[in-house]
Amino acid sequence: MSDDLSKPFSKSALTHEELLKINRERKIQIAAFACMIFLTLLAFIAVAMDMIAPGFTIPFILLLAVVQFALQLFYFMHLKDKDHEWPNAFMLTGIVVSTPALIALILLLGVTKY
Amino acid sequence: MATATATNTNKSVLWDWLTTVDHKKLSVLYLIAGALFFLKAGAMAIFMRIQLMSPENTFLSGQTFNEFVTMHGTIMLFLAVTPLIFAFMNFVIPLQIGARDVAFPFVNALGFWIFFFGGLLVSVSWFFGGAPDAGWTAYVPLSGGEYGDLGLDFYVLGLQVSGLGTLVSAINFIVTIINMRAPGMTMMRLPLFCWTSLITSILIVFAFTPLAAGLALLMLDRIFGGQFFNPGSGGNPVLWQHIFWIFGHPEVYILVLPAFGIISEVIPAFSKKRLFGYTAMVFATLIIAFLSFMVWVHHMFTVGIGPITNSVFAIATMAIGVPTGIKIFNWLFTMWGGKLIFNTAMLCASSFVPTFVLGGVTGVMLAMVPVDYLYHDTYFVVAHFHYIVVGGIALGLLAGTFYWYPKMFGHMLNEKLGQLMFWMFYVGFHMTFFIQHILGLIGMPRRVFTYLDGQGMGTMNLVSSIGAFMMGAAMVVLLINVVYSAYTSKRITVRDPWDARTLEWATTTPVPEYNFAQTPQVRSLDPWFYEKVHGDGTMKPAEPMDEIHMPNGSILPFCIGLGLFVWGFGMIMMQMENPLIPEWIVIGAGVIVTFGSMMLHSIHEDHGYHIPLDKIKKTEKEVS
């Protein structure tokens, strides 16, 4: 049985519905990718243009970063899909644990130098 | 290969142990490696106590004392207790969740060998100009390129390598507990030891990554001339303290949570009652794990961060007392009204509770910032954390050893010697460390190699040293017990010598390599107890008897570990005055062995083998 595991398959075992679903998934991935490239472009423009004030740029690109992060997790890393409860739980745990630590470190090391 | 079934029955014993991917054998390897490191670090503690026995003693030089202090802490935390808890996790988790092995048996072996060679790398520092001497915390600038000697390079690279092994094993345990549970074993029916092991593994994933980053920064500073911790070039030495304690505080919980789990298995088993407040225990564990990442600054109160930060972290620290208190009361209520049996395992487990409370109370005392300025860097701190790690973790591990020993080795440990060991250890422990609270309060600083006569510290240090010798003697009794029992104890043939509750006792003794001939159907919390009371005393099978697919052993984990050892050693050689061979050759050899073995594993196809049905039936008949 297991000797055949490494041989290539001549025909896909997927059903028609599954193939349709994969195609749809591919389209979503490309759309998400294009969206993220657009967001990155916006960030570059915001930084490069002199007429946009830094008081606007910094919160703006931070916002873009959060959106990118969510897109990355949910679309590229499939957290939106079914049966991803455990990965979701772990990602959420990581975010919940690391965000306060990061904020504390930025304040302590970046602002008060301790 | 699937067809080669019975060919591997007559390989040599040594080769079998070097190549094994069986979780039960790896658990024994972890146990042996951990015990060896434990004895080594324990011997250092004894030497330090001899040095401190009288004022202005000259038994050890200050430099040797510093090296012993550092290596005692480093070995105990990274190389002794971690593998010992991994030994129990390896052995017990698959059995308790009704699995045939961990999720990735190869990765399991890889984790052990990487840890082992990392530990070896730290240990060989003795032969190359002295061990690390900057304390187990290795604060910069003391551990930086300017002041730290070659020993610190061994510390940095050895811990980097062994940390990889720990991370790899932790990920394996997470996957195992989430994916390999038997039918009916829902998360809320998971035995508490599995729960705490899961949380511990998650903590390892989140805590060892900052440590790896910190060690990488320190390595860049020391070997490649980086300036991360050099304030003269815009670096910041406090950064190291933050990174270290973001790792270091969860590390304490990484070690103590499995001990909590062991206690939560032993106490119900010998109280003949189910664990009181199971759900509360699970959520208390989760809350402790979460809070452990929010309190690291309490190790740095005296750095001068400022009153607001200190207050926030002080309150967060005190909050940990609440879920821990929930656990303490749950253990007490489990024992309350139970049919208590005080054998060695139960003695260790029940005495854990008051001892741990003492450690917890001093923990809350230390969390109060104004008085922490008085306690900081005194023996009060030493007494506090030894109450946690010896009174908590070591007693938990001893309880686990006596509890699971019959399942692991097929015979019990001698009860009389066991109880002798317990009382010597317990009395010795309190003698050693209780008096250190007072020593700290009258002002004896930690990590000093001697003190003057007439400071009023002589008698108390003598008492502390006598206690330490008693603990050492207790460990000798334990070793004698292991050898003595191996020769004299009766072989156990029953499944369940303790009349216990969880699934590991449903397997036959000795446990066959496939654990369960048929995956059991779990119908309740404490499934084995449920079947004994409500069923016919055997687990209901969840599948028909069939061939069992098993993984083949492999020498590659050993090779990868060896490769990382050589690679790390080559990096250290870059710092040596005149190495015998050019360091690039050594680094190159290490890299080639490491990645070559990985490549070999990737291209070599190995689908494991199947144990045929008649062989399973024969084995099952033999053992039952």
Name the member of Val312(B), Val297(B), Asn236(B) that forms the most heavy-atom pairs with chain A at distances under 4.5 Å.
Asn236(B)
Minimum side-chain heavy-atom gap Phe90(A)-Val205(B) below 4.5 Å
no
Side chains of Asp81(A) and His78(A): is there a donor and an acceptor less than 3.5 Å apart?
yes
Out of Ile305(B), Val303(B), Ile178(B), which one racks up the most heavy-atom pairs below 4.5 Å with chain A?
Ile178(B)
Which atom of Ile95(A) lies closest to which atom of Pro100(A), heavy atoms considered
O-CD, 4.3 Å
Ile243(B), part contacting chain A, at a heavy-atom distance under 4.5 Å:
neither
If we count only N and O atoms by modelled type, under 3.5 Å, do the side chains of Ser292(B) and Glu251(B) hold a donor and an acceptor together?
no
At a 4.5 Å cut-off on heavy atoms, which part of Thr93(A) comes close to chain B: side chain, backbone, both, or neither?
both
Given heavy-atom pairs under 4.5 angstrom as the criterion, report whether the side chain, backbone, both or neither of Ile246(B) touches chain A.
side chain
Looking only at side-chain N and O atoms, does His549(B) offer a donor or acceptor that is under 3.5 Å from a partner on His607(B)?
no
